[in-house]
Protein chains: 2
Amino acid sequence: MTRAERSDAARNRAAVLVAADELFATVPEPARLSMDDVAAAAGVGKGTLFRAFGNRAGLLQALWQRRYEPLRDAIESGPPPLGPETNPRQRIAAILDAILVVKLDNRHLTLAVEERSGGTSLYGQPQYQLVHQLLCDLVRATGGGGDSELLAHLLLAAVRADLLTHLASRQGISRRRLRADLASAVDLVLEAADASPPSD
Amino acid sequence: MTRAERSDAARNRAAVLVAADELFATVPEPARLSMDDVAAAAGVGKGTLFRAFGNRAGLLQALWQRRYEPLRDAIESGPPPLGPETNPRQRIAAILDAILVVKLDNRHLTLAVEERSGGTSLYGQPQYQLVHQLLCDLVRATGGGGDSELLAHLLLAAVRADLLTHLASRQGISRRRLRADLASAVDLVLEAADASPPSD
DNA sequence: TGTCAACCGGGCTGTCGGTCCGGATCGCAA
DNA sequence: TTGCGATCCGGACCGACAGCCCGGTTGACA
């Protein structure tokens, strides 16, 4: 039986989340942020840190979840243009744009989350599989041709953290320009899918 | 002044390349392949290994270069459909298809090469930037709308090692199916770009 | 064959993710 | 308030791994 979490454990967990958030926002190279650093910044022992989150990936997931949850809720049950009432074409565009913005706002964190390490891959994360499934359905609903699964992967590949970071930080492309270009690219893909119905 | 490489150094370098190639082909989890393993398999000391390739990334680059070179040559100066005489649309499709095949054939290696570690990113590699530049030009030559830079990134994102590995190894999608789906997706994107000329 | 620079090997170091366990703390009950 | 057991804390500890170092060796050339 799982007992209720003790109050000091909850307090420490919260402290870690706050401190880690702060660290990821300020540190220049997220890959070099060690668990010891996080523990020290949170004023907590390493044992506590690992008991609360299991491992590094667990901590990153927890941090990312906090950032992503509002967007997920808006997509699942919010008002247009993210919510389910929007027509598929516009909804896809709105979702990808929102993801772009969130990832840009949390560049370091998303970079670390999507980093492939050990046996984990971006494509194995439940978060990814959920949004991919949704995009699949939406793409199919636009009635276009092509394989909807691969198309959905393609659309999501456009907002991968390392690509965004390269374009924004390394190449200095502005957020406005990025959003506009993404929107036009998405539109282009969907327009084509729309214009070429299944061949049979 | 850089002196000529001594013969034993050249021999050892070759031995390492052979042994590492073999290891990457057989080992199940490429991320867990340590430099010590490579050195041991090549029958060479660790010092030799690091002197020859600088660091892990250098070794991976050298391995990947050997695999990628034939394709690069075929693209730069070979016969159609990869060579420069082909029309842009078909050439883009041919290039992406060839990349897909090479990456699938060297799954573990490409996975390790594209792995983000330290300050390196796929998008910072000269190999990537070269093929991206070429695709940019080709996309622009098709005369379609949209930002050619982002479009080229999108096309290349379709053949990223982790995505291919997920589709092929994790989901069990056949190579034939993968190639067909990629071809249709590429065609779809380019068709749309073709059909919607620049807005001004 | 002698000489010396280049090279070899593998032991060593620093770092980091993750574990362990003696001691402190919390929650509850009387 | 006090007693008690389960839960939690903290930081020392471990194993793995990238990369460095240096005494001994070997190839190149006269």
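Letters go in sequence order (proteins before strands), and every chain restarts at 1.
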### Message
I need the A/Arg160 CZ to A/Thr165 OG1 distance, nearest 0.5 Å.
### Response
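Between A/Arg160 CZ and A/Thr165 OG1, I get 11.5 Å after rounding to 0.5 Å.
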
### Query
Atom CG in B/Leu59, atom CG in B/Leu17: separation rounded to 0.5 Å?
7.0 Å

Taking only N and O in the side chain of [X], is any of them less than 4.0 Å away from OP1 or OP2 of [N]?
X       : N      : result
A/Arg56 : C/dC16 : no
A/Ser7  : C/dG27 : yes
B/Asn12 : C/dC7  : no
B/Thr48 : C/dG9  : yes

### Message
We want to know whether B/Ser184 and B/Asp181 form a side-chain donor-acceptor pair, criterion being a heavy-atom distance below 3.5 angstrom.
### Response
no

### Query
Would you call the rings of B/His132 and B/His153 parallel, tilted or perpendicular, where under 30° means parallel and over 60° means perpendicular?
parallel

Figure out the [atom1]/[atom2] separation between [X] and [N], and round it to whole Å.
X        : N      : atom1 : atom2 : answer
B/Leu60  : D/dA18 : CG    : C1'   : 13 Å
A/Asn55  : D/dA16 : CG    : C1'   : 16 Å
B/Leu49  : D/dC17 : CG    : P     : 14 Å
B/Phe53  : C/dC7  : CZ    : C1'   : 15 Å
B/Glu29  : D/dC17 : CD    : P     : 12 Å
A/Glu5   : D/dC8  : CD    : P     : 7 Å
B/Glu115 : D/dA18 : CD    : C1'   : 14 Å
B/Arg32  : C/dG18 : CZ    : P     : 11 Å

### DNA chain D: 5'-proximal contact among B/Arg11 and B/Gly54 (nearest heavy atom)
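Its nearest nucleotide lies further toward 5', so the answer is B/Gly54.
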
### Task
Starting from the 5' end of DNA chain D, give me the residue, B/Asp36 or B/Asp8, whose nearest nucleotide shows up first.
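First, find each residue's nearest nucleotide; the 5'-ward one identifies B/Asp36.
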
### Task
Between B/Lys46 and B/Arg6, name the one whose nearest nucleotide on DNA chain C is closer to the 5' end.
B/Arg6

### Query
Counting side-chain heavy atoms from CB outward, which of D/dC17, C/dG9, C/dC16 is closest to B/Ser34?
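Looking only at heavy atoms from C-beta outward on B/Ser34, the closest nucleotide is D/dC17.
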
### Least distance between heavy atoms, A/Leu122 atom then A/Tyr128 atom
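Minimum heavy-atom separation between A/Leu122 and A/Tyr128: O-CB, 3.4 Å.
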
